[in-house]
Student: 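The structure follows.
What you are looking at is a predicted structure, and each value in this text was computed from that prediction instead of being measured. Heavy atoms only: backbone and side chains are in, while hydrogens, waters and symmetry mates are out. We're numbering straight along the sequence, starting at 1.
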Amino acid sequence: MTLPILYRDQDIIAVNKPAGMLVHRSWLDKHETRFVMQTLRDQIGQHVYTVHRLDRPTSGVLVLALNQETARRLSQQFEQKQMEKVYLAVVRGFLNGGGTIDYPLKVQADKIADKFSRSDKPAQSAVTDYQTLQQIEMPYPAGRYSSARYSLVRLLPKTGRKHQLRRHLKHLSHPILGDSAYGDLRQNRTFAAHLHCSRLMLHAQSISFNHPSSGKNLTICAEVDNDWQNMLNIFRWKINEFGF
């Protein structure tokens with residue numbers, strides 16, 4: 001497998017991560033054989049360093065460092081919230097307008113990896129800006145409804161909590177389509193049956209940050225995959241590199 005390279009220089013490389021692919025090897029998924037880090041290392045013949053993550057079911061732009069110093073500097077930018085990330089999501093129902101979701105999230109511990117961690121940690125601040133871009137109503141039943149409504153939403157996370165976007169959209173009662181953990185299973189089945197797509201409809205469209213060497217602002221964008229493009233064609237939705 002060859003990963004699509006979106007940007008590369010002597011310090012940084014960015015790829016368009018496919019949905020369903022882990023960023024790195026995890027003993028929690030010991031049966032998995034494909035990982036971004038190992039695949040990219042073999043592809044370019046060079047070691048790579050992670051500076052942020054994307055959930056396994058999420059597609060889109062993923063930035064990695066090509067040396068330890070760059071990894072340290074980029075990680076600092078993430079920690080200091082100096083990077084702007086833009087996501088696209090398809091959600092259940094008509095989510096109108098835009099706004100800010102300021103809803104603290106409890107720490108979610110992995111049952112195995114975090115079994116010795118404290119379970120009484122207070123909720124952490126979590127903030128997401130959102131803007132609805134397009135909406136559509138389709139003439140097929142979904143759950144108890146005679147038709148299915150969907151919204152295309154642009155999301156800008158201001159914090160980086162675990163599953164933040166998925167949990168925030170659930171909080172608004174507009175879960176992301178294809179989300180098996182936080183979504184509407186009946187709506188997911190309807191979406192899969194009519195659009196032949198069962199993946200999480202969450203895509204990391206762009207990331208902007210200051211290059212750690214030059215200091216210049218750098219924006220890297222990732223095109224949507226075939227599942228997304230098929231949906232856009234059926235719904236007659238149009239997007240550009242900025243989600244409009």
Student: For residues 6-16, which residue pairs pass the salt bridge (charged side-chain N to carboxylate O under 4.0 Å, His left out) check, not counting sequence neighbours?
Tutor: none
Student: Shortest non-hydrogen contact from Q134 to R236?
Tutor: OE1-O, 4.4 Å
Student: Taking only residues two or more places apart in sequence or in another chain, which ones pass ring-ring contact (aromatic ring centres under 6.0 Å, His included) with Y145?
Tutor: none
Student: For residues Q135 and N96, is any side-chain donor paired with an opposing acceptor at under 3.5 Å?
Tutor: yes
Student: For the side chain of R34 and the backbone of G20, is there at least one donor-acceptor N/O pair under 3.5 Å apart?
Tutor: no
Student: Does CG belonging to N226 count more than 12 external heavy atoms closer than 6.0 Å?
Tutor: no
Student: Hey, could you give me the CG/CD1 distance between L6 and I13, rounded to the nearest 0.5 Å?
Tutor: 9.0 Å
Student: Any side-chain to backbone donor/acceptor pair from Q77 onto F209? Under 3.5 Å, distance only.
Tutor: no
Student: Mind checking what makes side-chain hydrogen bond (donor to acceptor under 3.5 Å, both in side chains) contact with N233, not counting sequence neighbours?
Tutor: Q229
Student: For K158, which residues count as a salt bridge (charged side-chain N to carboxylate O under 4.0 Å, His left out) partner, sequence neighbours excluded?
Tutor: D129
Student: Whether the side chain of S75 engages the backbone of A71 through a donor-acceptor N/O pair (distance < 3.5 Å, no angle test) should be reported.
Tutor: yes
Student: List, one per line, each side-chain donor-acceptor pair under 3.5 Å for residues 47-55, sequence neighbours excluded.
Tutor:
unit_1: H52; atom_1: NE2; unit_2: V63; atom_2: N; d: 2.9
unit_1: D55; atom_1: OD2; unit_2: R166; atom_2: NH1; d: 3.4

Student: Going by salt bridge (charged side-chain N to carboxylate O under 4.0 Å, His left out), name the residues that satisfy it together with R72, two or more places apart in sequence or in a different chain.
Tutor: E69
Student: What pairs of residues pass the salt bridge (charged side-chain N to carboxylate O under 4.0 Å, His left out) test when at least one of them lies in residues 210-232, not counting sequence neighbours?
Tutor: R199-D225
Student: Can you measure from CG (L152) to CG (L133) and round to the nearest 0.5 angstrom?
Tutor: 5.0 Å
Student: Answer with yes or no whether the hydrophobic clustering places V15 together with L202; edges join I, L, V, M, F, W, Y residues whose side-chain heavy atoms lie under 4.5 Å apart.
Tutor: yes
Student: Is there a ring pair (Phe, Tyr, Trp, His ring centres under 6.0 Å) between Y103 and H171? Walk through the geometry before answering.
Tutor: CA-CA 8 Å; Y103 180 69; H171 173 68; 3.6 Å; yes
Student: Could you give the distance from OG1 (T58) to CG (L165), rounded to the nearest 0.5 Å?
Tutor: 8.0 Å
Student: Kindly write out the residues that satisfy ring-ring contact (aromatic ring centres under 6.0 Å, His included) with H163, not counting sequence neighbours, or none if the list is empty.
Tutor: Y182
Student: Taking ring-ring contact (aromatic ring centres under 6.0 Å, His included) as the test, write out the residues that go with F191, two or more places apart.
Tutor: Y150
Student: Under 3.5 Å, side chain of T159 to main-chain N/O of V127, donor-acceptor pair present?
Tutor: yes
Student: Which donor-acceptor pairs under 3.5 Å do side chains of residues 82-95 form with protein atoms, sequence neighbours excluded?
Tutor:
unit_1: Q82; atom_1: NE2; unit_2: Q80; atom_2: OE1; d: 3.0
unit_1: R92; atom_1: NH1; unit_2: D184; atom_2: OD2; d: 2.7
unit_1: R92; atom_1: NH2; unit_2: S173; atom_2: O; d: 2.8

Student: Let's go through R186 and R144 carefully: what are the C-alpha distance in whole Å and the side-chain angles of both, what is the deciding distance for side chain to side chain contact (heavy atoms under 4.5 Å, CB included) to 0.1 Å, and is it a yes or a no?
Tutor: CA-CA 9 Å; R186 289 177 298 181; R144 67 180 185 272; 3.9 Å; yes
Student: Using salt bridge (charged side-chain N to carboxylate O under 4.0 Å, His left out) as the criterion, list what pairs up with D42, not counting sequence neighbours.
Tutor: none
Student: Looking at residues at least two apart in the chain, or sitting in another chain, which of them share a ring-ring contact (aromatic ring centres under 6.0 Å, His included) with H211?
Tutor: none
